[in-house]
Amino acid sequence: MSNRMWGGRFASGPDAIMAEINASIDFDKTLYRQDIAGSKAHVAMLAQQGIIAAEDARAIDAGLDAVKTEIDEGRFVFSRELEDIHMNVESRLAELIGPAAGRLHTARSRNDQVATDFRLWVRDTIDDLDAALADLLQALAEKAESHAATVMPGFTHLQSAQPVTFGHHLLAYAEMVGRDRGRLADARKRLNECPLGSAALAGTSFPIDRFATAHALGFDRPGANSLDGVSDRDFALETLSAAAIAAVHLSRLAEEIVIWCSAQFGFVRLSDRFTTGSSIMPQKRNPDAAELVRAKTGRIVGALNTLLIVMKGLPMAYAKDMQEDKEPTFDALSSLSLAIAATAGMVRDLEPDVKALRKAAGQGYSTATDLADWLVRVVGMPFREAHHVTGRAVAAAAEKGIALDKLPLEALQAIDARITAEVYDVLTVERSVKSRTSYGGTAPQNVRRAARTWLKRLTKEAAAKAGAV
Ligand code: ARG
């Protein structure tokens with residue numbers, strides 16, 4: 001059978017393998033809400049402009065609502081013969097309301113239709129992701145506030161560097177998540193132009209009002225060029241790149257959680273809620289959720305690559321290649337949403353082992369810089385010289401196999417006679433972090449203030465949102 005929707009010049013139906021490669025309904029049914037919303041806006045505008053009769057518009061509008069209810073309730077029978085969500089909806093509309101349904105597709109094409117649907121879907125998803133990221137921020141800030149003074153080793157090159165606080169470490173991730181939200185918000189701004197009315201590629205001879213449909217669908221304005229309207233997928237690419245960066249951040253935290261949970265580090269403990277056991281090794285408590293967050297990043301970065309490569313070299317305007325935009329985008333953004341939720345769950349669940357962290361914080365001569373800074377401040381040495389003297393102190397401690405603050409005063413004075421007992425004050429990890437009061441530094445008072453700033457910002461944001469609804 002030739003196609004019911006466009007089969008005028010076709011004598012026979014497609015080869016089975018053609019149908020197989022061509023049909024997108026299995027995945028683009030995800031777009032049904034957006035597709036129906038787009039059609040409702042379009043039909044209202046057609047009637048408004050006198051392009052179709054008000055009576056037909058009413059029948060179409062009611063019919064579209066009925067189709068939506070059928071899909072919502074799982075009663076809709078999707079047909080692969082009808083290729084995609086657009087033709088499935090329109091065909092069912094014709095069954096429900098008769099020939100008036102045929103007027104819906106006036107002055108539009110599936111090309112501008114799908115571009116509109118997909119934009120709307122990506123926009124809705126950005127909003128969901130933003131809310132999920134806000135929740136993750138909340139989790140990070142709350143945990144950071146309660147561990148503003150919990151000392152831990154700070155690393156560079158994964159070598160003990162200087163003590164920091166656990167709260168400070170978590171708030172580094174809060175900064176990343178804050179930027180992720182900013183990137184999504186930027187993408188949303190540029191996304192928010194409506195392609196509907198671009199028609200197949202050239203616009204239309206009907207007197208449509210593109211501003212009306214754009215406005216009805218919550219877009220800022222219609223897109224200015226019809227060729228671009230049907231062929232642009234920047235909005236998906238930008239969202240995927242913001243998603244990929246966000247996923248990379250989650251993956252870094254996940255990696256740290258995996259390391260921290262190991263017996264060798266023992267920095268934090270995840271409860272039974274976020275770990276699994278081993279079927280053979282009874283002692284095991286595996287951080288599977290963290291591992292899976294780390295791994296999901298592969299799919300998300302992969303999706304960005306996939307779409308970049310699909311789009312590369314496509315001539316103007318629409319090409320069926322673009323049908324391949326949806327599956328990776330759907331998969332990546334739902335994977336990201338799951339990864340964010342799992343990360344927020346783990347952050348709330350994890351309990352740092354304060355004692356173990358403190359012990360580790362003092363290892364690796366982590367307060368050597370504090371000694372050098374003391375020599376500069378109190379003795380008046382140039383920093384380069386202080387660095388050298390401190391290096392000799394570290395070597396002396398290493399030779400004895402003891403920590404820097406356990407080195408006897410005579411040993412220190414043998415290196416530089418100007419060192420006094422006062423120096424021991426700065427050699428403890430607590431004193432070290434407390435002294436880091438420079439803006440953005442790890443001092444507990446800074447961390448507490450930063451955590452509270454985040455929490456206040458989030459509360460304000462939630463109140464503004466609630467007020468806007
Ligand atoms: N399923 C198609 C897609 O996702 C809809 C647009 C089809 N347009 C066309 N001219 N065949 O891209």
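Along the sequence shown, residues carry numbers from 1. Everything numeric here is computed off the predicted structure, so don't read it as measured data. Order of appearance sets the numbers: ligands from 1, and atoms from 1 within every ligand.
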Note the single closest protein heavy atom to [atom], along with its residue, its atom name and the distance in Å.
atom	answer
atom 11 (N) of ligand 1	Arg110 NH2, 3.5 Å
atom 5 (C) of ligand 1	Asp84 OD2, 3.6 Å
atom 12 (O) of ligand 1	Tyr318 OH, 2.4 Å
atom 1 (N) of ligand 1	Gln323 OE1, 2.7 Å

> Charged N to carboxylate O below 4.0 Å: is that the case for Asp353 and Arg269?
Replying inline: no

> Do NZ/NE/NH1/NH2 and the carboxylate oxygens of Arg183 and Asp186 come within less than 4.0 Å?
Replying inline: no

>> Tell me if the CZ atom of Arg75 is crowded by more than 12 foreign heavy atoms within 6.0 Å.
In response: yes

> Would you find more than 12 non-hydrogen atoms of other residues, nucleotides or ligands less than 6.0 Å from Glu55 atom CD?
Replying inline: no

> Is the closest heavy-atom distance from His86 to ligand 1 below 4.0 Å?
Replying inline: yes

> At the 4.0 Å heavy-atom cut-off, does Lys326 count as touching ligand 1?
Replying inline: yes

> Using the ring of each side chain (for Trp, its six-membered ring), is Phe267 parallel, tilted or perpendicular to Phe265, with breaks at 30° and 60°?
Replying inline: perpendicular

> Does Ser24 reach ligand 1 with a nitrogen or oxygen that is under 3.5 Å from one of the ligand's nitrogen or oxygen atoms?
Replying inline: yes

> Out of Ile85, Ile25, Asn111, whose heavy atom sits nearest atom 8 (N) of ligand 1?
Replying inline: Asn111

>> Tell me whether Arg123 forms a cation-pi arrangement with Phe235, defined as NZ or CZ under 6.0 Å from the six-membered ring centre and within 45 degrees of its axis.
In response: no

